[in-house]
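First up is the structure itself, then whatever we jot down about it.
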Amino acid sequence: MQNSDVITHDVIVVGAGLAGTWAAMTAAENGVKDVAVLSKIHPLRSHSGAAQGGIAAVLNNVRPVAGTGPRGPLEQIPPGDDPVDSFDLHMFDTIKGSDWLGDQDAIEIMVKDAPDVVIQYEHMGCVFSRTKDGRINQRRFGGHSAPRANFSADRTGHVLLHTIHEQALFHNVKFYSEWYVMDLIIEDNITRGVVAINVLTGDIKMLRAKAVMFGTGGYGQAFKVTSNAYANTGDGVALAYNAGAPLMDMEFVQFHPTGLYRHGFLMTEACRGEGGYLINKLGERFMKKYAPDKMELAPRDLVSRSEQIEINEGRGVMEDGQGIYLDMRHLGREKIMSRLPEVRDLAIAFAHVDPIEDPVPIQPTAHYSMGGIPTTVDGEVLANANGDLITGFYAAGEVSCVSVHGANRLGTNSLLEASVFGRRAGRAIAEFVKGGAKLHPVPGDPAEKNRKMVQQLFDNDGTELVEDIVQDLKTTMTNKVGIFRDEEGLKSALDEIHNLQERFKNIRVMDKSKRFNTNLSMTLEASHLLTFSELIAAGALNRQESRGAHSRTDFPKRDDESWLKHTMAHKDEDGRPKFSYKGVTIYWDRFPPQERKY
Amino acid sequence: MYTSTGFISWLLRRISGVALVLYLFTHLWVIGAANSGTQVFNARLDAVQTPIFKLFEIALLAAVVYHALDGIRLLLIHYFDLTEYRKTLFWAVFIASAILTLAGGIAILAIMLNGG
Amino acid sequence: MSNNDIQRTVTVRIQRFNPDVDKKPHMQDYQVKMWPGMTILDALHEIKTHQDGSVTYRRSCRHGICGSCAMHINGRNTLACKTPIINEVQKNDTVTIGPLPYLPVIKDMVVDRTSFWEQYLRVKPWLLPPNDIPEKEFRMSQEEVDALHDAEACIMCGACYSSCAVIGLNKKYLGPHALLKAFLRVLDPRDTAPAERLEIVSQADGVARCHTIFNCIDACPKGLNPTQAIETLRKLAQKRQKYEEARRERQKHLNEPIPS
Amino acid sequence: MLTFKIQRWSAIALLFFLTVHMIFMHYVPPFHITFDVVQARLSTPTWKIIDILFLFSVLVHAMAGSYQVITDFESAFNYRKALAWASIIIVILAFIYGAKTIWAFQL
Ligand SMILES: Cc1cc2nc3c(=O)[nH]c(=O)nc-3n(C[C@H](O)[C@H](O)[C@H](O)COP(=O)(O)OP(=O)(O)OC[C@H]3O[C@@H](n4cnc5c(N)ncnc54)[C@H](O)[C@@H]3O)c2cc1C
Ligand code: HEM
Ligand code: SF4
Ligand code: F3S
Ligand code: FES
């Protein structure tokens, strides 16, 4: 191995969203001098910045005005008055939202760390919206039974991301912007480093580190209608899986009820949190049929399914009947302008509809990946269902599965998760490195291996275009592994995915240049999509029950008897997934499984 | 290149400013002839009051008027929050300087034709 | 959009340049069939994935929040993902797309933003909070928060930076984005170093170098107003010590409720 | 920032002086300017002082402006110290020259 080709750091963080940046910043703050962050796009372009609605934490700053019921107007809680919210309530909401698949020890940690993390954001400069007396303002969010979404208008993720990035710069974290990580090197259960392309030059390098942390975000790009960025191609899960790490609960993919019709961009849940209605073709607020109590603010899986049923039964709007109306007109100009300005911009730009004057057409959109790399509450990656660890490998954020979201995530809990567990991972990494972690030798020349692989891709004068394969995959995933699933569909989806994997071998990369070759990265991303989509479909086929976001029409009931457990997928010697299962941590005395009704 | 009213106003301001600087030094030189007595002074003055120079004078007038009005516009923007009205202000300055230049120019031409 | 438009094919004229092989940039035409709601970014995606994989641009979020896809479309800087193509089709059925002006081109629409980020770092974008951090949040009024709105909504896309003629002449100028960031910190009641920041922006390559060209406002896809921020900084820079004193006074009450 | 301020202050001064200058030199007869005309005017001390102040502000404004124009170019920006001194010296020399001229006018 040529030495000039190898870069060495104490810690390498892959991904510069909230999770990755928190980990890097915290490790640096805790005394690790040499922390580097790699990101395939500029750090501030990370998808965390797209989050709109808020970040959950029990702060007890606001409450509903007494006597106005659960959907009444909010006011600040006067000093000295009793709190309305509690850690137990936040835990219960999260657990119920997760359909009891969330690990309750992890949920407890997240909920209890939450106020501290949000206050730290505030101290670092995050510009939150305020109550009259100057506290952080809070709004309602789906599935939360108290107003606990702390927000900054409707660009919460944006301000959080900028704030934490600035702090990481302040702590001298080194950023490698536009470096695409293409391989993770784990040997004998010990992490050695990663291989990455410097996108600008096309050079492929080995980067060695004592600890590697993944905060590479979600995998929503596997679906046709999605709220996710182009960058959310699940590279992290695929790389970890290929390197021998297991993946957990991949079959749980959240569909958000209010994606902009046709485009899929998110109309934040805050639209409903602030009081927006969902209306079908007949002008009915149909949620009264499905969740008479919480109405539009029922959790996402339930609202999305309700919408899909309305659409399937012919009560959808727009030419093709695939839409539903989100009606915010009654909120009034002032509220929309001050609380939802970005959403209004989006609706005007892409749907040519001003929410102040007209209802906005929306449809369910793929939104969040509950599954991912299984970790402990300190971000250490599990090697198997027994709870053994992979030395020096950490993960947090959407790429990971702690699991706090179980079968369905509540809105505003994921910015929280990325921050809380990113920070915890950062602390754990600092301890690991300062506790005498070593730089382990790298066997062989992984960089050269990857160079050959890329050269092969270039030389492969196939007939298949990447995009055609990706589009076919997305169609399959949306139609057969989407909101509603059944055995027949899942089986044929698996066949199609295998078929697409075969077709991928006959691929043609159009751009063969070295400099800024995004055609190459798109190709690598496509291979990752094909890798983990198989796990989603296979996991969904195995799981013969309906739980949270996983809804089998042939098994419509939740089955705690046989399925109150996490799915773990391992890559077998023959390259096919092998499944095992891991128990769920449940505080039986406090939050035993119940029927989930809203 | 990124053209816009703001860019055009800046370019014109710059060109007129630099032109005025050049004129200023010429002007100093002309007036400076006074040190050398009446004859020299009148000779230099006459040299710059020929018809050709009258045309120059119109250009000069245009430069002064535009530059001054645009300067006023800038000062207004600095001291009052007027960025919202940037386009209106630009056109106001532009039209006002066109009118003033035209008025002055006609006067200069009239004087020139009347032989002063 | 009428049905005719749906069927319409447009010519997308792209400025191509790969410094490794091309001596200078050249234009290349692609034909794209429009669909309702198609954006410029969708058109580029269509070209890249089906016609010519070497057409290169940055993108991620698809809805105007990440700041990747700022480029020069029909002579204006804007976000490709937020621009419906139908609005940009000119009389000859053509849309012309190139990289952000005044910046070195890496490849096609991808520009080198190094100077942009250097200037961002120069204003020390991070907050420098008071030493005694309270247990709860610092108290700020909603008015104080609203004053920061413009600066805090900036997505660092660079559309403003690369439309400013001063940047075209001089990359040492801080630029509208960095000054907007400086404004954010200077006006934040929690920041302890406004005088130091005002010192930085009043250097020769700071606010004095802005010639009030206004291109930055016209270009900003988020509708922000960097010029106003620059004007404010200029005024505050005249009285930085006084301003810092007022700030220290304000910070004595950062833990107390805002009086109503 | 100093150049910027000088530019504004001198601009405000110029607004006054230039208006006066334009009105008295060009908008009131006689329109053909000769030595006598100039001499007659410049002989009064008030006019002398006004014109010397006018001269000073216009020189300052012109050189500050030129300095701005030149240092806007990145290559010149690096030599801005030298350029600033050069501008100051030009202002002083031109001011002495011009002031001498104005002072010299006697009836
Ligand atoms: C539209 C939208 C709105 C949302 N709103 C909310 C909300 O209101 N509240 C809430 O709590 N949650 C919300 N979420 C979810 C939340 O934003 C995400 O779950 C969270 O931000 C994920 O953060 P992350 O740090 O894990 O990953 P990301 O922010 O996605 O960052 C991933 C990082 O990994 C890098 N990366 C990926 N692959 C590679 C590779 N191969 N090589 C190098 N780098 C790589 C990327 O460059 C990027 O920097 C929303 C999500 C979406 C899509
Ligand atoms: C009423 C009269 C005038 C006013 C109000 C005025 C105002 C201004 C202002 C505000 C600027 C700053 C522009 C900027 O920073 O972008 C400026 C620049 C300038 N002015 Fe004047 N000015 C006047 C007369 C003059 C005269 C008589 C001259 C020439 C001798 C002159 C020469 C310049 C030059 C060279 C610049 C620099 C140009 C630039 O920076 O773009 N100005 N003027
Ligand atoms: S001010 Fe506007 S144009 Fe400039 S970087 Fe920010 S968002 Fe982009
Ligand atoms: S375009 Fe440039 S010159 Fe000033 S007003 Fe904007 S920064
Ligand atoms: S792709 Fe994110 S701003 Fe356009």
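All chains are named by letter (A, B, ...) in the order of the sequence lines, taking the proteins before the strands, and each is independently numbered beginning at 1.
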Apply ring-ring contact (aromatic ring centres under 6.0 Å, His included) to residues H123(A) and F138(C) and explain how you reach the verdict. CA-CA 7 Å; H123(A) 291 158; F138(C) 294 118; 4.8 Å; yes
With side chain to side chain contact (heavy atoms under 4.5 Å, CB included) as the test, would you mind laying out the steps for L465(A) and H50(C) before giving the verdict? CA-CA 7 Å; L465(A) 286 182; H50(C) 282 121; 3.8 Å; yes
Could you walk me through whether V118(A) and E137(C) satisfy the side chain to side chain contact (heavy atoms under 4.5 Å, CB included) test, starting with their C-alpha distance in whole Å, then the side-chain angles of each, then the deciding distance to 0.1 Å, before giving a yes or no? CA-CA 9 Å; V118(A) 171; E137(C) 65 266 51; over 6 Å; no
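By the side chain to side chain donor-acceptor pair (under 3.5 Å) test, Q28(C) is found to be paired with R16(C), Y30(C), residues two or more places apart in sequence or in another chain being considered.
Interface residues of residues 150-158 of chain A toward chain C, defined by a heavy-atom distance below 4.5 Å and sorted by number: S152(A), R155(A), H158(A).
A salt bridge links E166(A) with K181(C): at least one charged nitrogen is closer than 4.0 Å to a carboxylate oxygen.
No side-chain donor-acceptor contact under 3.5 Å links N137(A) and Q142(C). Between the side chains of S141(C) and K132(A), no donor-acceptor pair is found at a separation under 3.5 Å. Under 3.5 Å, the side chains of K107(C) and S513(A) contain a donor-acceptor pair of N or O atoms.
Below 30°, between 30° and 60°, or above 60°: for W126(C) and F170(A) the angle between ring planes is between 30° and 60°, a tilted geometry. Ring orientation note: the planes of H42(A) and W117(C) are close to parallel, at an angle under 30° on the 30°/60° scale.
T39(C) touches chain A through its side chain: at least one heavy atom from C-beta onward sits under 4.5 Å away, while N, CA, C and O do not. At a 4.5 Å heavy-atom cutoff, the contact between L128(C) and chain A is made by side-chain atoms alone. Of the atoms belonging to D20(C), heavy atoms from both backbone and side chain fall under 4.5 Å from chain A.
Remark: side-chain polar atoms of R190(C) are paired, donor with acceptor, to backbone N or O of E122(A) under 3.5 angstrom. Within the 3.5 Å criterion, the main-chain N or O of Y230(A) finds no donor-acceptor partner in the side chain of R59(C).
Taking the side chain as every heavy atom from C-beta outward, H162(A) and M156(C) approach each other to under 4.5 Å.
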